[in-house]
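All ligand and atom numbering here is 1-based and tracks the order in the structure.
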Amino acid sequence: MSGASATAVDIAIVGGGMVGASLALALAGTSKRVLLIEAVAPESNDQPSFDDRTTALGNGSRRVFETLGVWPRLAAHAGTVAEIRVSDAGRAGATRLTASEQGLEALGYVVPNRQLGLALWQQLAAQPSIAIRNPAQLIALQLHADQACLQVSMGNAIGQGGATETVIARVVVAADGAQSLVRAAAGITAEVEDYEQVAVVVHVSTDLPSNGIAYERFTATGPLAVLPLADGRYTVVWTLAPDRAQQVCALDDSAFGAALQQDFGWRIGRITRVGTRASYPLRLSRAESMVGTRAVLVGNAAQSLHPVAGQGFNLGLRDAALLAEILAAAPDPGAPAVLEDYERRRAVDRRGMIGFTDGLVRLFASDHPGVALGRNLGLALFDLAPGAKRALARLSWGFGGDTPRLLRGLPVS
Ligand SMILES: Cc1cc2nc3c(=O)[nH]c(=O)nc-3n(C[C@H](O)[C@H](O)[C@H](O)COP(=O)(O)OP(=O)(O)OC[C@H]3O[C@@H](n4cnc5c(N)ncnc54)[C@H](O)[C@@H]3O)c2cc1C
């Protein structure tokens, strides 16, 4: 089946976004032959993973990046979250969580996605053991009991005379995002639920220092997160109904700033400057299974979450960390038992984090008086409950289950 000109590898990773690039790095230095295929150049303005967003990294993700040697490239660009203040707009319920109370250096770190992309890809460039095709796109995939056969179109433009490469792999990893082609080729369906909300993402400057305080405000239209950046600005993730999102994005800077200030209030001071806006429709997408024949899913290809709790990438990074460890140790990394082991060991964290995030969206979306009252009572009680705060701070390390070696500061093999 493999033609004379086919490239043979152990592991083909499709998608070199945040999760796929991290997985490739985790596999560097292992005995496996790894090929990473990414459609868009990491520094391109069109890169869908490393765009203008920022990502809140938990302490577990920082540990993974330290172990992979990426953190020194990120540290100077990371805003430190020393405190999180949560409030319910128009109601009394509020709570705060501080790093010092939890005996932590920080509750998390806010990193621009572009910087994350640069750091990961610079680190990849220093790993001769990882073969890379970029820009190059997976265009067809056949999965057989003993191998995966990939057709890869080289260059930016498909069907414009660019060369095609055939790759034979023992396993193909779907790190190609929520619309995963690999997942579809493997016949794995994804359950998709539209939240009918749009996240408007923007950086703002204000006339007060952030002091490392992050805010999560639950409004009638959805959560509004304001997170401190390393350069003194804030990044805002403002969840709105689709038509309202369209309206605010069309406003000029000063009207946009005024609308945001009205929804958020004055805790961060006066908004003095507003950056470019980008919007993201929000859906929960959950693959019915993380594995198929010679195929395995990580990150958004496996599950894509509402950004309310800033957990999507953190969860995907733990997928990558555990998968790297399991594939590195397996004589045949695509054998069914190996892939089933991965799915089983990721189940607790995956189920827990999806349920936690989705539950939070639904709890705060309800304006039923009983639910609103319970929610406020809950926030007030949470404020008084050190155990509950400790549990929340611990989410930074995952929901439980198997802790990958990289999260414990150990190399994958
Ligand atoms: C507004 C917003 C804010 C967020 N904030 C946070 C946060 O604070 N913290 C957090 O943990 N998470 C956050 N997330 C979630 C996070 O962005 C995702 O979990 C993350 O992007 C998943 O990365 P990924 O690599 O799995 O997928 P993607 O980012 O979708 O990357 C997929 C990659 O695959 C490539 N690709 C696709 N198809 C092909 C193909 N056929 N061939 C080759 N390459 C291909 C794409 O070019 C891309 O580079 C947020 C999400 C949103 C929408």
Atom 47 (O) of ligand 1 touched by protein heavy atom at under 4.0 Å: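 At least one protein heavy atom is under 4.0 Å away.
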Side chain, backbone, both or neither: the part of Asn113 lying under 4.0 Å from ligand 1 by heavy atom: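 It is neither; nothing of Asn113 touches ligand 1.
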Min heavy-atom dist Ala175 to ligand 1 below 4.0 Å: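 Yes.
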Under 4.0 Å from a heavy atom of [X]: give me the atoms of ligand 1 that qualify, with their elements.
X      : result
Val19  : 23 (O), 24 (P), 25 (O), 26 (O)
Ala136 : 43 (C)
Ile37  : 43 (C), 44 (N)

Sole residue of Arg346, Arg351, Arg345 in side chain to side chain donor-acceptor pair (under 3.5 Å) with Asp349: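 So the option named by the test is Arg346.
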Nearest-option assignment for atom 8 (O) of ligand 1, heavy atoms, candidates Ala56, Ser49, Gly177: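 Looking at heavy atoms only, the winner is Ala56.
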Qualifying salt bridge (charged side-chain N to carboxylate O under 4.0 Å, His left out) pairs, either residue in residues 295-310, two or more places apart: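 Every pair satisfying salt bridge (charged side-chain N to carboxylate O under 4.0 Å, His left out) with a residue in residues 295-310: there are none.
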Residue pairs, two or more places apart or on separate chains, that pass side-chain hydrogen bond (donor to acceptor under 3.5 Å, both in side chains) and touch residues 30-45: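 Qualifying pairs, neighbours excluded: Asp10-Arg33, Glu38-Gln47.
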Side chain to side chain donor-acceptor pair (under 3.5 Å) assessment of Tyr195 paired with Asp358: CA-CA 10 Å; Tyr195 285 117; Asp358 188 49; 2.6 Å; yes
cation_pi(Arg267, Phe264) dist<6.0 Å, angle<=45: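 Verdict for Phe264: a cation-pi partner in Arg267.
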